[in-house]
Number of protein chains: 2
Amino acid sequence: MPANRRTTLKDLARELGVSTATISNAFNRPDQLSPALRERILGTAKRLGYGGPDAKARSLRTGRSRIIAVILAESLTYSLNDAVASEFLSGVAEVLDNRGHTLLLLSSRQTQAQIPGSASMADGFIVYGLIPSLALLESLPSQSPLVSVDFDIAGRPTVHVDNEAACHAIAAHALRTPAKRPGIINLRLTATPLNGRISSDHRLLPPERTITRSRLSGFHRALGEAGVDTEQVPMWNIEENTFEVCAPVISEILDLPASERPDLLLCMSDRIALTVVTMAEQRGLRIPEDLRITGFDGIAEGQYRAPRLTTVRQNSVEKGRIAARIILGLAPAEPSLLATELLIADSCP
Amino acid sequence: MPANRRTTLKDLARELGVSTATISNAFNRPDQLSPALRERILGTAKRLGYGGPDAKARSLRTGRSRIIAVILAESLTYSLNDAVASEFLSGVAEVLDNRGHTLLLLSSRQTQAQIPGSASMADGFIVYGLIPSLALLESLPSQSPLVSVDFDIAGRPTVHVDNEAACHAIAAHALRTPAKRPGIINLRLTATPLNGRISSDHRLLPPERTITRSRLSGFHRALGEAGVDTEQVPMWNIEENTFEVCAPVISEILDLPASERPDLLLCMSDRIALTVVTMAEQRGLRIPEDLRITGFDGIAEGQYRAPRLTTVRQNSVEKGRIAARIILGLAPAEPSLLATELLIADSCP
DNA sequence: TTGTAGGCGTTATCAC
DNA sequence: GTGATAACGCCTACAA
């Protein structure tokens with residue numbers, strides 16, 4: 001037994017003159033052996049610096065690692081700095097933590113096109129958001145539980161919010177006060193990347209797999225019901241939900257001549273809406289008199305300072321909790337649809 | 001070979017009539033066998049649904065998992081929603097991703113007092129922030145590389161920012177314009193939890209292990225140099241860097257009678273400083289005329305909207321990168337001290 | 001270029 | 001209540 005080797009269960013067994021099975025039981029099934037012996041084992045374990053069964057060996061033997069992987073559609077950098085994704089992860093982490101599991105963070109946008117092999121150690125996978133290609137998932141063990149969030153994978157359980165209904169509700173609310181020039185700011189809606197005005201030339205992402213398409217349907221339905229010709233409603237697209245990417249597009253909108261500038265902007269995220277608020281204030285536009293704004297998500301930041309955002313609150317933390325429960329087998333592996341809540345505040349009373 | 005078992009390297013070898021070593025080489029050392037054979041192996045692997053060597057078995061055999069764990073001092077919920085921690089994690093993730101490693105997220109504040117056993121599968125550990133007790137780390141494999149960030153662990157490499165110097169610099173800048181009633185808002189400085197005014201009865205955390213003590217030293221040194229009696233400078237403490245926790249304490253400060261209300265507030269984080277800005281505006285206080293405010297961290301949010309925050313920028317992303325490089329052995333395992341940058345803006349010109 | 005065999009540290013299934 | 005033994009799936013000398 002070389003001194004610089006980690007002590008193993010076998011070393012302990014030899015030291016104590018008992019079998020390896022007994023040591024294993026001492027750690028995993030206390031009821032399977034006498035308290036006295038167990039005490040003795042745990043004692044000398046501590047003395048020899050044995051910290052319990054090796055996780056790698058145990059995972060090979062049992063087939064389970066107690067690790068759950070979350071595969072994020074966006075980059076880690078983006079996701080970690082996005083309030084909605086962070087809340088989702090909080091929800092996941094909360095449940096995992098409670099059940100002694102840990103969280104492995106992966107992104108579908110890594111330098112390596114494939115998901116690292118080490119990921120397949122996970123006992124289950126939560127896929128958050130529309131990933132660029134389902135081919136990514138092929139390297140994952142096909143037997144492991146997998147749940148998708150905010151989009152669908154055939155034959156797998158899903159956690160969703162009813163985006164269409166929520167967007168219909170908030171647009172209907174907004175249109176109760178007639179808008180002369182409504183406009184829509186979309187989040188990653190076009191088939192090819194675009195930051196700017198969407199023209200009829202642009203193709204959009206396929207409707208069945210994309211929450212932003214559902215959100216747009218909701219907006220359009222409400223606009224139609226209000227007698228607005230949706231064809232005439234200008235739309236802009238934003239690729240990433242960050243200040244840096246939003247700002248130029250929003251400048252473009254707010255710097256239109258007053259006769260063309262929208263007086264109502266339906267935004268697909270609070271981040272976008274908040275940036276509109278900030279930039280509108282910089283230009284001396286009054287909210288809501290000159291410009292009404294709605295968001296989506298209900299992030300905390302939108303409710304802190306005046307004008308508070310009119311938005312749809314989706315419970316991202318709960319989405320995370322549910323996804324985690326499904327993966328751990330604590331909830332049935334079936335599609336789950338969460339309710340949203342309309343938050344009416346200053347930006348569009 | 002039962003149908004419902006995952007196909008293994010051995011199955012593949014049998015199927016092809018070659019040895020297991022050859023299959024292993026086909027995946028791990030392409031140069032060790034003829035391209036033709038390799039092609040054939042990879043082909044039938046795909047056909048049989050063999051997705052490459054099993055990560056659990058491989059990790060047992062090689063002793064490495066290609067997983068790096070980050071142990072966060074704060075809860076996951078807090079850390080994920082905190083801009084500074086998120087940036088740090090981005091930096092870590094960036095380097096790990098580049099080297100084919102993945103990120104396991106742990107918190108020292110889990111429901112279980114101990115770190116889950118599965119964590120010890122990691123090849124290395126990055127400890128971010130002052131954890132409640134070093135005993136937590138005892139369950140970790142003592143041989144694995146470990147680096148601490150923003151605090152010290154004896155005998156381990158560390159990544160730090162020079163908090164004392166940075167805080168001296170920003171306070172010295174602020175005091176170039178004399179302050180009648182300077183005040184300090186600290187972040188987790190007292191030995192026992194406190195949200196409110198610090199009196200002389202309160203004990204503070206030990207200076208050698210706490211960045212907030214270093215920051216306070218910097219403030220005090222600058223105040224002393226400006227001829228201010230630091231004993232007379234009121235201090236408040238905040239336990240958590242969130243709006244909800246900050247707001248009541250800040251109310252208490254701003255609602256003091258005008259003759260007692262500070263006209264300069266040195267804050268230990270941008271989050272605190274931004275909350276001061278928001279709440280001061282709500283009360284009609286002018287910044288910087290009635291109240292000057294400094295922050296710490298240099299988070300993006302502080303630079304977006306007017307008044308922009310005067311603060312110290314610390315490069316959290318780079319901290320993460322360095323910690324990850326040390327863990328992966330790409331950088332020497334020695335203490336690293338990052339420079340900070342004074343950002344002078346509207347809130348304290 | 002390919003094959004053989006031993007072992008990584010553990011747990012499950014039996015016996016006793 | 002305790003012990004022997006066979007996997008778990010893979011990697012890597014070393015031999016051929």
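Every chain is numbered from 1, with letters handed out A, B, ... down the list of sequences.
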List the atom pairs, donor and acceptor, that lie under 3.5 Å between side-chain atoms in residues 124-138 of chain A and the rest of the protein, sequence neighbours left out.
unit_1, atom_1, unit_2, atom_2, d
A:S133, OG, A:A135, N, 2.9

- Note on the structure: Nearest heavy-atom approach of A:D54 to A:Y50 is N-OH, 4.4 Å
- Task: Mark up nucleotides 11-16 of chain D, 5' to 3', with B wherever a protein heavy atom is under 4.0 angstrom from a base atom, S wherever such an atom reaches only the sugar-phosphate, and - elsewhere.
- Result: BB----
- Item | Between D:dG1 (P) and A:I23 (CD1): distance, integer Å | 16 Å
- salt bridge (charged side-chain N to carboxylate O under 4.0 Å, His left out) involving B:D82 - partner list, sequence neighbours excluded: none
- Gap between atoms CG and C1', on A:L33 and D:dG3 respectively (whole Å): 13 Å
- Rounded to the nearest 0.5 Å, how far apart are NZ of A:K10 and OG of A:S19? 11.5 Å
Considering only distance and modelled atom types, tabulate donor-acceptor pairs under 3.5 Å from the side chains of residues 67-74 of chain B, sequence neighbours left out.
unit_1, atom_1, unit_2, atom_2, d
B:E74, OE1, B:R188, NH1, 3.4
B:E74, OE1, B:R188, NH2, 3.2
B:E74, OE2, B:R188, NH1, 2.6

- Starting from C1' on D:dC8, measure out to CE on A:M121 and report it in whole angstrom. 15 Å
- Answer with yes or no whether the side chains of A:H160 and A:D152 bring together a donor and an acceptor at under 3.5 Å. yes
- Message: Rounding to an integer number of Å, can you tell me how far B:L12 CG sits from D:dC10 C1'?
- Response: 13 Å
- Item | Euclidean distance, atom CZ of residue A:R64 to atom P of C:dT10 [Å, nearest integer] | 17 Å
- Message: On DNA chain C, does the nearest nucleotide to B:V18 precede the nearest nucleotide to B:L60 from the 5' side, or the other way round? Give the residue.
- Response: B:V18
- Item | Residue pairs, two or more places apart or on separate chains, that pass side chain to side chain donor-acceptor pair (under 3.5 Å) and touch residues 318-334 of chain B | B:E94-B:R321, B:D150-B:K319, B:Q314-B:K319, B:E318-B:R321
- Query: Taking atom P of D:dG1 as reference, at what distance in whole Å does atom CD1 of A:I41 sit?
  - Reply: 13 Å
- B:T8 vs D:dG9: side-chain N/O to OP1/OP2 distance below 4.0 Å: no
- Task: Check the distance between C:dG9's C1' and A:R14's CZ and give it to me in whole angstrom.
- Result: 12 Å
- Message: Other residues, nucleotides and ligands only: do more than 12 of their heavy atoms fall within 6.0 Å of CZ on A:R99?
- Response: no
- Can you check the A:R40 CZ to D:dG1 P distance for me, whole Å? 16 Å
- Crowding at CZ, A:R109 (>12 non-hydrogen neighbours, <6.0 Å): yes
Check: protein-nucleotides 14-16 of chain C nitrogen or oxygen pairs below 3.5 Å:
none

